[in-house]
Novice: 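Let me begin by handing over the structure; questions about it come next.
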Amino acid sequence: MNYWLMKSEPDAFSIDDLKKVKTEPWDGIRNYQARNMMRDDMKKGDQIFFYHSNADEIGIVGIMKVVKEAYPDHTAINPKAKYYDPKSSPDNIRWQMVDVGFVKKFKRIITLDELRQHEKKLKDMALLRKGNRLSILPVTKQQWDYILTLA
DNA sequence: GCCAACGTTGGC
DNA sequence: GCCAACGTTGGC
């Protein structure tokens, strides 16, 4: 079982939105590294931290899981979609997505600030590394368990 | 709204 | 294959 962290701007899609709809196709990923992780390493049942970015309160807000493994992100070939990709075509969709399911919302948000305060315990957590803008990040079991104790 | 830190594109 | 220009992300 692998562990992940996925970012979303709560204005666009928040943990409360996920709680309401239960499952959601995680479309719009347009970064090769992130796509490759979804395609190659994300397995059904993997656990994911839901992270709110670009918000009043930035941080981890809950847990979701992979309910469907990677498949083509058809929004890439929809000219009206927000993340339309003119270089993709129906027989060559460059992007993939997974479906995620709601697991739980934390009673409180584990803010980025707080995570930084635990930097030593969360050694080399990808999220805390400088300049990291990937919207999907791997989390180690140790980091996962430690963050759960914070929550 | 600013800007640092990227990733991507495209001309050469 | 290099790299300048451009676009995007995301914290502040």
Side-chain angles (χ1 to χ4, degrees), chain A residues 2-21 24-42 46-66 69-100 102-140 142-144 146-151:
Chain A
N2 287 317
Y3 299 91
W4 307 95
L5 178 145
M6 289 166 97
K7 302 176 182 174
S8 179
E9 302 192 7
D11 286 347
F13 188 77
S14 73
I15 183 103
D16 291 322
D17 294 328
L18 181 61
K19 188 174 183 181
K20 235 175 281 170
V21 298
E24 175 79 0
W26 204 266
D27 61 10
I29 300 294
R30 299 290 180 267
N31 171 286
Y32 287 109
Q33 259 181 281
R35 180 204 65 185
N36 293 349
M37 280 192 276
M38 282 197 295
R39 187 191 58 196
D40 303 335
D41 300 324
M42 262 195 194
D46 281 2
Q47 306 246 90
I48 309 163
F49 283 135
F50 196 132
Y51 179 91
H52 280 178
S53 65
N54 270 327
D56 289 343
E57 282 198 303
I58 293 163
I60 298 170
V61 290
I63 297 174
M64 51 191 177
K65 65 181 176 187
V66 178
E69 294 179 12
Y71 60 104
D73 180 351
H74 52 77
T75 67
I77 54 169
N78 175 2
K80 290 189 178 139
K82 187 176 175 197
Y83 295 103
Y84 173 60
D85 170 28
K87 295 198 171 157
S88 285
S89 59
D91 53 356
N92 181 28
I93 296 181
R94 295 201 293 180
W95 307 109
Q96 308 244 118
M97 59 186 171
V98 297
D99 286 359
V100 297
F102 178 81
V103 175
K104 71 185 289 190
K105 180 184 175 179
F106 290 153
K107 291 199 177 68
R108 64 185 190 89
I109 183 170
I110 315 294
T111 64
L112 182 58
D113 264 358
E114 183 174 355
L115 291 170
R116 287 222 176 90
Q117 285 165 26
H118 296 272
E119 207 157 10
K120 280 194 179 154
K121 295 274 187 168
L122 296 172
K123 230 168 139 226
D124 295 326
M125 189 177 181
L127 176 72
L128 302 178
R129 276 205 288 269
K130 191 180 165 192
N132 175 44
R133 303 174 309 149
L134 268 188
S135 57
I136 301 178
L137 298 166
V139 176
T140 67
Q142 288 82 355
Q143 291 159 359
W144 180 273
Y146 186 72
I147 289 169
L148 282 187
T149 68
L150 297 178

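All heavy atoms count here, side chains included; hydrogens, waters and symmetry mates do not. In the text below, chain A, chain B and the rest are named by the order of the sequence lines, each starting its count at 1. Quick caveat, the model's predicted, so the values are computed rather than measured.
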Novice: Indicate yes or no for a side-chain donor-acceptor contact from A/D27 to the backbone of A/D73 under 3.5 Å, with no hydrogens or angles considered.
Specialist: no
Novice: Is it the case that atom CD in A/E57 sees more than 12 heavy atoms from other parts of the structure closer than 6.0 Å?
Specialist: no
Novice: Please list, chain by chain and in numerical order, all residues satisfying ring-ring contact (aromatic ring centres under 6.0 Å, His included) with A/W4, sequence neighbours excluded.
Specialist: none
Novice: Would A/W95 and A/Y71 count as a close aromatic pair, with their ring centres under 6.0 Å?
Specialist: no
Novice: Do the side chains of A/W144 and A/I63 get nearer than 4.5 Å, heavy atoms only?
Specialist: yes
Novice: Between N or O atoms, less than 3.5 Å apart, protein on one side and nucleotides 8-12 of chain C on the other: list the pairs.
Specialist:
from: C/dT8; atom 1: O2; to: A/R133; atom 2: NH1; distance (Å): 2.4
from: C/dT9; atom 1: O3'; to: A/R133; atom 2: O; distance (Å): 3.1
from: C/dG10; atom 1: OP1; to: A/K7; atom 2: NZ; distance (Å): 3.1
from: C/dG10; atom 1: OP1; to: A/R133; atom 2: O; distance (Å): 2.8
from: C/dG11; atom 1: OP1; to: A/Y51; atom 2: OH; distance (Å): 2.7
from: C/dG11; atom 1: OP2; to: A/N54; atom 2: N; distance (Å): 3.2
from: C/dG11; atom 1: N7; to: A/N54; atom 2: OD1; distance (Å): 3.1
from: C/dC12; atom 1: OP1; to: A/R116; atom 2: NH1; distance (Å): 3.4

Novice: Relative to the 5' end of DNA chain B, which residue comes earlier, A/N31 or A/K87, by the nucleotide with the nearest heavy atom?
Specialist: A/N31
